[in-house]
2 protein chains.
Amino acid sequence: MRILVIEDETKVGCFIKRALEEESYAVDLCEDGAKGLQMALITDYDVLIVDLMLPSLPGLEILKGVRQARIQTPILILTAQSQVDQRVKGLDAGADDYLTKPFAIDELLARIRALLRRGSTESPGVLQIDDLALNPATREVTRGGQRIDLTSKEYALLEYLMRHTGRVLTRPMISEHVWNQDFDTFTNVIDVYVNYLRNKIDRGHSKKLIHTIRGSGYMLKVD
Amino acid sequence: MRILVIEDETKVGCFIKRALEEESYAVDLCEDGAKGLQMALITDYDVLIVDLMLPSLPGLEILKGVRQARIQTPILILTAQSQVDQRVKGLDAGADDYLTKPFAIDELLARIRALLRRGSTESPGVLQIDDLALNPATREVTRGGQRIDLTSKEYALLEYLMRHTGRVLTRPMISEHVWNQDFDTFTNVIDVYVNYLRNKIDRGHSKKLIHTIRGSGYMLKVD
DNA sequence: GTCTTCAATGACTAGAATACGCATAGTTGT
DNA sequence: ACAACTATGCGTATTCTAGTCATTGAAGAC
């Protein structure tokens, strides 16, 4: 899951970035509003976090710019306690949620989970496909009730797959959202990690959940 | 837009109801949790507003009940200032947003507008000609409900044909869009692939969908 | 007008060349 | 020791080439 943070206060920005990365999100941090808008327009993020008090470009303009481009990425805005009317304007301009500074990092994480959930077709807090379940809040993965231990990257990959069950995910898409980088044809990390996941999730089960779409990418589904 | 408010404090409930009605929403007010869940399950509301502190049934149970029934109506929860962890649990249980009491009515209205905006953008996305259907998201192709397996190139060709149903597509056009290269007269790949497609799609059906326009190119249509 | 002929165009097939994905082993860095 | 990633070789599905066979439709013969 790829997240863009637009926040001019370096300290706050870095703090958020680190916290999100620990949850294995792919995070881009931008300290400039205009540049941030650019990034939001050209890259397919899963969530945008925007501070409404920015030096170069008011946060509201970013919202408007993004929504005008018909991009529906969930947006979480950050405001100071005092800016009640800003907040209302923000929500009307297309923001999906807000948080007042200062905030508890746990709450930020919970809200991001909520936003991610809303964007996908699934609504319950626990992602489930057949007998495979993933709980984003606890990062617990089970298949048939059996706990499965995953590394951070494996988890991030599986979460991305599960949030887009039934859709074909191309390598560039996976690379962008799980690895925070543009696709490099000369590596096969994705294949390797899909293989790791298969060993942990599909091996020994007759129903395979991870499918490869030759020439396109991968897909999670029940046949 | 129909809204259900589940709130036990009569005064607060009535206040919300009146405010919403002034905005010309259709509002049902319910002061009992269990009854509220019932109403949410049998009626198709556009938004649910749920107080997390209810006498008969904890608000969280309502959330779970609704989400278990696979109802995806946006839910806004109301909590007291102090119940931070309740709030987090609520979001994780499937709530889309929350508001802490006391709140400004303007803010409630803004949040409801945000929630309503969310749900509205749906697109079918499935291409269909006669009994032939192609779903770009899953790359699934069916004819008469029967699944058809296509290779990557076959799929690309069919998608191009289906996106331009009823129009004559010349070989140079196909070459450019499907093979993304300039046309080379000394190859017959296109013919070969049209043949592959015919075998998989038209063979055995009396209604042929792929037609050749002699001297020009190919065309997908129902006669 | 209709029948033949025949060149152009497209249909089909088989097999060669290629690219793709998988598995495994090795390397780096924490 | 472990996670993250790189490198390599192998089997196979896919893609493409090249050649033969079938169909079309227009021109000339009757």
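So that the names make sense, note that chain A is the first sequence line, chain B the second, and so on, each numbered from 1. The structure presented is a predicted model; accordingly, all values stated were derived computationally and were not measured.
Using a 30° and 60° split on the angle between ring planes, H177(A) and Y160(A) fall in the parallel class, below 30°.
Between E61(B) and L37(B) the shortest side-chain heavy-atom distance does not fall below 4.5 Å.
Distance, D149(A) CG to dC2(D) P: 12 Å, rounded to whole Å. If you measure from atom CG of N188(B) to atom P of dA22(D), you get 17 Å, rounded to the nearest angstrom. The separation between N195(A) atom CG and dC20(C) atom C1' is 15 Å, rounded to whole Å. At whole-Å resolution of the value, NZ in K200(B) and P in dT14(D) are 7 Å apart. Summarising the geometry, the separation between OH on Y193(A) and C1' on dT24(C) is reported as 15 Å, rounded to the nearest angstrom. Atom CG of L197(A) and atom P of dC5(D) are 13 Å apart (whole Å).
Each of G215(A) and D191(B) was matched to the nucleotide of DNA chain C holding its nearest heavy atom; the match closer to the 5' end belongs to D191(B).
OP1 or OP2 of dG10(C) lies within a sub-4.0 Å distance of a side-chain N or O belonging to R171(B). Phosphate contact (OP1/OP2 of dT15(D), side-chain N/O of T151(B), threshold under 4.0 Å): present. At dT15(D), none of the side-chain N or O atoms of W179(B) fall inside 4.0 Å of OP1 or OP2 (strictly under the cut-off). Regarding contacts with the backbone of dG10(C), every side-chain N or O of T212(B) stays at 4.0 angstrom or more from both OP1 and OP2. At the phosphate of dC22(C), OP1 or OP2 sits under 4.0 Å from a side-chain N or O atom of Y218(A).
Counting non-hydrogen atoms of neighbouring residues, nucleotides and ligands closer than 6.0 angstrom, the CZ atom of F103(A) exceeds 12 such neighbours. In R203(A), the CZ atom is not crowded: 12 or fewer heavy atoms of neighbouring residues, nucleotides or ligands sit closer than 6.0 Å.
Remark: the Y196(A) side chain and the dC5(D) base include a donor-acceptor N/O pair separated by less than 3.5 Å. One can find a donor-acceptor pair under 3.5 Å joining the base of dT23(D) and the side-chain atoms of R214(B).
Remark: the E31(A) side chain and the T10(A) side chain contain an N/O donor-acceptor pair separated by less than 3.5 Å.
Residue V192(B) is classed as a base contact, given a heavy-atom separation below 4.0 Å to a base.
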